[in-house]
Novice: 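Okay, handing you the structure first.
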Amino acid sequence: MIPLPEHDGNHQVLFLRNVKFTYESGVDALKGVTLEVDSGEYIAVVGGNGSGKTTLAKHMNGLLRPSVGQVVVSGGDSSTMTPAQMARVVGYAFQNPDHQLFCGTVQEEVSFGPGNMGLPADEVKRRADGAIEVMGLSEVRGKPPLSLPLGLRRRVSIASVIAMDPKVFVFDEPTTGLDANEADELMAIIRKLNGEGKAVVLITHEMKLVAEHANRVVVMAEGRIVLDSDTRGAFSDIELLRRSKLLPPPVTQLAHKLSQMGVSRDILTPQELVFELTRGDDD
Amino acid sequence: MAAEDLRESGDERPKIIASGDAKFVSPKTVALYGVLTALTAAITIMTVIPFPPTKGYFNLGEAMVFFSAFTFGWRAGLICGGVGSAAADLIIGFGMFAPTTLVAKGAEGLVAGVLGRIKGGKPWAYALGIACGGACMVTTYFLSEWLIMDYAFAVAVAEIPTNIAQVTIGGTVGTLLSHAVKRSMPSLAK
Amino acid sequence: MTGLLDLYSEKGSFLHRLDPRVKLLAVLLLSVLAFMLSELLPLVLLLAFILLLLALSKSSFGKAFFALKFVVRLMVLITLLWPLFDRSGTPVLFSIGPLDITEPAIWRGVTSAVRIGCFATVWYILMFTTQQRDLVRALVKLGLRFDYGLALSISFRFIPTFGLTIESIKDAQRARALELDKGSFIRRSKNYVSVLVPAVVSALRTADTLALTLQSRAYGAFRDRTYLREIRMRPSDYVALAVAVLALLLPALAKYVYGVPL
């Protein structure tokens with residue numbers, strides 16, 4: 001069901017080796033995490049509150065530095081790179097767009113990141129225009145971003161990451177507060193980025209998004225990766241998901257309940273279940 | 001909707017509501033003053049750049065004093081600037097400066113609010129407000145440290161350049177901030 | 001940083017149980033006393049008494065150390081700098097270039113440093129042993145208008161929240177390749193605008209919601225509200241108040257009426 005990226009020569013863009021991290025307060029948020037991200041992958045990082053998924057994400061772009069272990073970005077050790085340098089490779093769209101928007105117009109806002117990267121003015125403009133186009137913001141490009149409704153504010157914040165043209169996109173709970181239509185549109189755009197060969201890391205606890213979009217699932221619990229598999233495999237172990245304070249989408253739960261009737265346990269979408277059930281009738 | 005709410009609280013004069021014989025500041029003003037005061041304190045604490053010799057810190061809290069004064073008037077400047085900065089002193093352990101800070105930053109906010117909004121806030125009015133408000137702040141700290149706390153004259157003098165730098169940076173950032181926030185929340189720009 | 005946002009720690013010392021109004025007044029009275037005393041010996045005694053109170057407050061070692069580090073640094077600085085700029089008195093002990101270092105100036109420096117030590121430490125004790133909301137309530141009880149008291153407690157409530165917001169905004173801008181502390185003075189000022197604008201706008205949005213909450217909870221229906229925990233003066237509070245008043249009154253009497261050199 002889930003198309004694997006067709007690009008040839010997928011290569012490693014991000015590698016976290018045995019990363020441990022302890023906050024000043026003494027909380028061990030990461031207890032030895034190893035994760036490899038290749039170009040073109042679509043990874044969902046899931047886990048309950050406090051499982052360490054946001055801490056993990058902040059290591060990907062240098063906002064946090066590992067207490068122990070190593071983060072390799074585009075083949076180079078990141079310990080000597082500033083977050084500004086890492087931002088060229090790993091783009092991070094924060095959960096709350098209001099924590100980053102500040103400019104007078106959408107155009108300025110989207111140009112901020114590429115401008116900080118020291119690109120020439122025409123290149124900044126080219127990238128900003130491209131990102132505004134992709135996110136469908138052309139009509140509001142002259143408006144102050146903070147005066148827009150939430151759905152558009154989130155798009156502006158994502159456009160401002162796209163304009164930096166990173167190799168990896170990290171999205172932290174991108175659909176929070178969006179209605180179903182807005183969420184679908186946004187997920188379609190993320191899928192399109194992935195289709196262009198960008199690696200996508202989706203941090204979420206909405207299992208429906210995971211089932212429909214990701215092709216790899218990383219389950220976190222108590223600062224460790226407890227499962228790292230393709231999406232179908234991840235959803236077949238319902239007990240492990242429960243222990244990690246996660247609930248699979250209703251259709252998967254139903255499939256598990258129906259497994260005695262011979263329904264496969266790795267159902268991810270309603271279409272698949274319908275197909276399974278009708279196939280069963282034919283037998 | 002939200003914009004409408006803010007326009008009311010943006011009035012220079014706090015709305016007084018009456019209930020029986022009791023008179024109160026309107027809930028919008030209470031909320032606005034409470035939040036601006038908290039933000040002033042938080043920014044004072046969070047944007048610390050260590051700077052010896054005396055108070056040991058240099059911060060952007062000043063920007064919030066000028067922002068409150070320029071955007072919401074002298075009362076906001078007085079209350080949020082004075083109380084917010086004094087609360088920051090209490091919280092990070094410079095409590096002995098809190099009374100001085102209350103007067104120094106309160107006066108700064110008051111003066112900046114009165115002068116900075118002349119003719120609806122022309123650039124020269126902002127500059128005048130920053131200069132005079134800043135002068136009040138610098139003088140208050142100097143006199144208090146020299147005469148009341150009985151610091152060595154030299155230590156009190158040594159702080160003057162730091163404080164002037166803080167006013168210059170705070171005034172610039174506060175003005176930019178007032179401008180940018182009014183642009184993002186057009187209802188605030190009257 | 002956020003760990004420092006509240007100096008208070010929950011301990012069961014008698015200073016914790018004292019009426020916050022008494023504590024506030026005692027801090028002011030002791031500050032006035034430190035200001036009034038001009039001789040070294042009584043000031044050293046006062047500092048010793050204040051340090052004893054700090055010990056009795058059962059403050060954690062870490063917090064007391066944090067406080068004392070600042071106090072001691074300030075005291076050393078004043079002791080060292082004072083004689084450089086106060087050249088009055090004899091004998092001259094030694095000269096550094098054009099500067100004469102006199103013995104009385106050194107003693108005056110030490111005296112001033114001890115006085116600052118007293119000032120600074122009493123405020124620490126107050127903040128170590130008093131919850132912020134009790135401080136606000138003490139002010140309201142002492143005559144601060146209720147509505148301003150409410151604004152004050154709202155602000156104490158939101159300081160840690162906004163602290164976290166600012167941290168998160170800094171992170172978000174750094175993720176957009178912003179280097180906050182780099183570049184010229186103008187550049188840095190502009191850099192910080194990108195942090196402060198989102199902080200202010202989200203705070204003003206919070207204020208809107210808060211105003212609605214206040215209205216929906218009948219703010220303004222009465223002149224004051226009732227409290228779950230009333231603060232009331234107990235006998236021990238009167239004793240403490242009397243001690244604090246006498247601590248100022250007796251030396252003042254001795255100094256200004258009987259001419260005792262204090």
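Chain naming here is simple, since letters A, B, ... match the order of the sequence lines and numbering starts at 1 in each.
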Novice: By number, which residues in residues 134-152 of chain A have some heavy atom less than 4.5 Å away from chain C?
Specialist: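 Residues of residues 134-152 of chain A touching chain C at under 4.5 Å: A:Leu146.
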Novice: Evaluate whether atom CD of A:Glu133 has more than 12 neighbouring non-hydrogen atoms of other residues, nucleotides or ligands under 6.0 angstrom away.
Specialist: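 It does not: A:Glu133 CD has 12 such atoms or fewer within range.
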Novice: Identify the two heavy atoms, one from C:Leu178 and one from A:Phe112, that lie closest to each other, and give their separation to 0.1 Å.
Specialist: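 It is CD1-CZ, 3.9 Å.
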Novice: Mark yes when over 12 heavy atoms from residues, nucleotides or ligands other than C:Phe49 sit less than 6.0 Å from its CZ; otherwise mark no.
Specialist: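 No, not enclosed.
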Novice: With side chains defined as the heavy atoms from C-beta onward, is the minimum distance between C:Glu179 and A:Asn116 less than 4.5 Å?
Specialist: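 No; the side chains remain at least 4.5 Å from each other.
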Novice: Sort by residue number and list every member of residues 194-202 of chain C having a non-hydrogen atom under 4.5 Å from chain A.
Specialist: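 Residues C:Ser194, C:Val197, C:Pro198, C:Val201 are the ones that qualify, each having a heavy atom under 4.5 Å from chain A.
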Novice: Heavy-atom count around A:Asn49 CG within 6.0 Å, excluding the residue itself: above 12?
Specialist: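 For A:Asn49, atom CG is not crowded (no more than 12 foreign heavy atoms under 6.0 Å).
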Novice: Would you mind telling me which of A:Met86, A:Arg88, A:His99 has the largest number of heavy-atom pairs within less than 4.5 Å of chain C?
Specialist: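 Ranked by contacts with chain C, first place is A:His99.
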Novice: Tell me, yes or no, whether the heavy-atom count around A:Glu108 atom CD, taken from other residues, nucleotides or ligands under 6.0 Å, exceeds 12.
Specialist: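 Yes.
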Novice: Would you say that more than 12 heavy atoms from the other residues, nucleotides or ligands in this model lie under 6.0 Å from the NZ of A:Lys167, or not?
Specialist: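 No.
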Novice: Is the shortest side-chain heavy-atom distance between C:Asp171 and A:Tyr92 below 4.5 Å?
Specialist: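 C:Asp171 vs A:Tyr92: side chains apart.
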Novice: Please look at A:Glu109 and chain C and tell me whether the side chain, the backbone, both or neither of the residue comes under 4.5 angstrom of a heavy atom of that chain.
Specialist: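 Answer is both: backbone and side chain atoms of A:Glu109 are under 4.5 Å from chain C.
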Novice: Specify the closest pair of heavy atoms between A:Ala87 and C:Ala177, including all atoms of both residues, with the distance to one decimal.
Specialist: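 Reported closest heavy-atom pair: CB-N, 4.0 Å.
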Novice: Partners of A:Asp98 by salt bridge (charged side-chain N to carboxylate O under 4.0 Å, His left out), sequence neighbours excluded?
Specialist: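 Only A:Arg153, C:Arg205 meet the salt bridge (charged side-chain N to carboxylate O under 4.0 Å, His left out) criterion with A:Asp98.
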Novice: Please classify the contact of A:Ser157 with chain C as side chain, backbone, both or neither, using a heavy-atom distance under 4.5 Å.
Specialist: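 For A:Ser157, no heavy atom lies under 4.5 Å from chain C.
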Novice: Which atom pairs, donor and acceptor, lie under 3.5 Å between side-chain atoms of residues 112-125 of chain C and protein residues at least two apart or in another chain?
Specialist:
from     : atom 1 : to       : atom 2 : distance (Å)
C:Ser112 : OG     : B:Asp150 : O      : 2.5
C:Arg115 : NE     : C:Ala34  : O      : 3.0
C:Arg115 : NH1    : B:Asp150 : OD2    : 2.6
C:Arg115 : NH2    : C:Leu37  : O      : 2.9
C:Thr121 : OG1    : C:Gly117 : O      : 2.6
C:Tyr124 : OH     : B:Gly93  : O      : 2.8

